[in-house]
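I have placed the structure first, in the form of structure tokens, so that the comments after it can refer back to it.
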There are 2 protein chains.
Amino acid sequence: MKCMSYEKFFEVFANETRLKIVESLVESNKNVSDICKSINEEQSKVSHNLKVLHDCNFITKERNGKHVFYSLNKTTIKPMLKIVDKHVHTFCKDNCVKKHENYIPR
Amino acid sequence: MKCMSYEKFFEVFANETRLKIVESLVESNKNVSDICKSINEEQSKVSHNLKVLHDCNFITKERNGKHVFYSLNKTTIKPMLKIVDKHVHTFCKDNCVKKHENYIPR
DNA sequence: ACATCATATGAAATGTATGTCATATGAGAA
DNA sequence: TTCTCATATGACATACATTTCATATGATGT
């Protein structure tokens, strides 16, 4: 395992594809092709980004035959998403919150 | 004020300069030139990044004469840094943690 | 062994945030 | 008003992550 900087920590989540993967895995553990379906993204793209998440221990993997199942490190991710949620809702009170877009003007 | 995506939230912190600013402001509120001194970075660089932090309500500003004082939104940032800290220390047990560098091999 | 399904990886092109440098604005003092 | 200090902003070049496409590896079944 590798060591992580604070910067790296945030970089990992500063990406739409990886956030979609995380949200998909919040619902349930999945293998790669199910993740692809669930977030409607290409397999190689998903695999590349799974690697990033895995390298930083935000997800764990387990092979079962042909499939590789990924699951979340909920210890870190659940409370973190909660803080983000709270911040977004506190400072964006007119419910224009979008999970996967950049700034949206009022 | 503008609305924020999850992605944007993390992007803001996925930057060494902004993390240094945050850490400096954890210690104490400061005006711009004091921040520059404290983190040893150029003024325009700091100002650009203060703007990013401020636009997302991670810091507040208050002018006092010639100086502009910035202070942290501790509600969001303190618990968030705590989670990052915990993750880093849990998954990098051989105390090679660096706050402002990328991966370091074991 | 071979075919097929599932996943991982390499390399190259592209898009985008970041820093830099120059300049503008704002505030107080003289 | 003018000068200086303090901060903000605009625009451009660059560096870097991300995606894409092609291909490799791994596992199972026949």
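Throughout, a chain's letter reflects where its sequence line sits, starting with A, and its residues are numbered from 1.
The residue Phe69(A) sits apart from the nucleic acid: no heavy atom pair falls under 4.0 Å. Across all strands, Thr17(B) comes closer than 4.0 Å only to sugar-phosphate atoms, never to a base (heavy-atom distances). Using a 4.0 Å heavy-atom criterion, one finds that Ser47(A) contacts the bases of the nucleic acid, with or without backbone contacts as well.
A sub-4.0 Å separation between OP1 or OP2 of dA8(C) and a side-chain N or O of Tyr70(A) is present. Lys61(A) has a side-chain polar atom (N or O) that falls below the 4.0 Å cut-off from OP1 or OP2 of dA8(C). For dA27(D), the OP1/OP2 oxygens have no side-chain nitrogen or oxygen of Asn64(A) closer than 4.0 Å. Neither OP1 nor OP2 of dA17(C) sits under 4.0 Å from any side-chain N or O of Asn49(B).
Going from atom CG of Asn31(B) over to atom C1' of dG28(C) covers 15 Å, rounded to whole Å. Residue Lys45(B) contributes atom NZ, which lies 20 Å from atom P of dA13(D) at whole-angstrom precision. Between Leu19(A) atom CG and dT18(D) atom P the separation is 11 Å, expressed in whole Å. In this entry the distance linking CG of Asp55(A) with P of dT9(C) reads 9 Å, nearest Å. In this structure, Asp34(A) places its CG atom 16 Å from P of dC5(C), rounding to the nearest Å. Regarding His67(B), its NE2 atom lies at a distance of 17 Å from the P atom of dT4(D), rounded to whole Å. Protein atom NE2 of His48(A) is 14 Å distant from nucleotide atom C1' of dT25(D), rounded to whole Å. The CD-C1' distance, from Glu42(A) to dT18(D), rounds to 13 Å in whole Å.
At least one donor-acceptor pair closer than 3.5 Å links the side chain of Arg18(A) to the backbone N or O of Val12(A).
A donor-acceptor contact under 3.5 angstrom links the side chains of Lys30(B) and Ser24(B), judged on distance only.
For the atom pair Phe10(B) CZ and Lys8(B) NZ, the distance stands at 13.5 Å (nearest 0.5 Å).
Here the closest non-hydrogen pair linking Asn73(B) and His87(A) is ND2-CE1, 3.6 Å.
Of the two residues contacting DNA chain D, namely Arg18(A) and Gly65(A), the nearest-nucleotide position lying further toward the 5' end is that of Arg18(A).
Within 3.5 Å, a donor on the side chain of Ser44(B) pairs with an acceptor on the base of dC21(C), or the reverse. Between the base of dA6(C) and the side chain of Gln43(A) there is no donor-acceptor pair shorter than 3.5 Å.
Taking the ring centroids of Phe58(A) and Phe9(A), they lie under the 6.0 Å cut-off.
Taking the side chain of Lys66(B) as heavy atoms from C-beta on, and the options dG26(C), dA8(C), dT18(D), the nearest nucleotide is dG26(C). Listed nucleotides dT18(C), dG28(C), dA8(C) differ in distance to Val32(A); the shortest reach to its side chain belongs to dA8(C).
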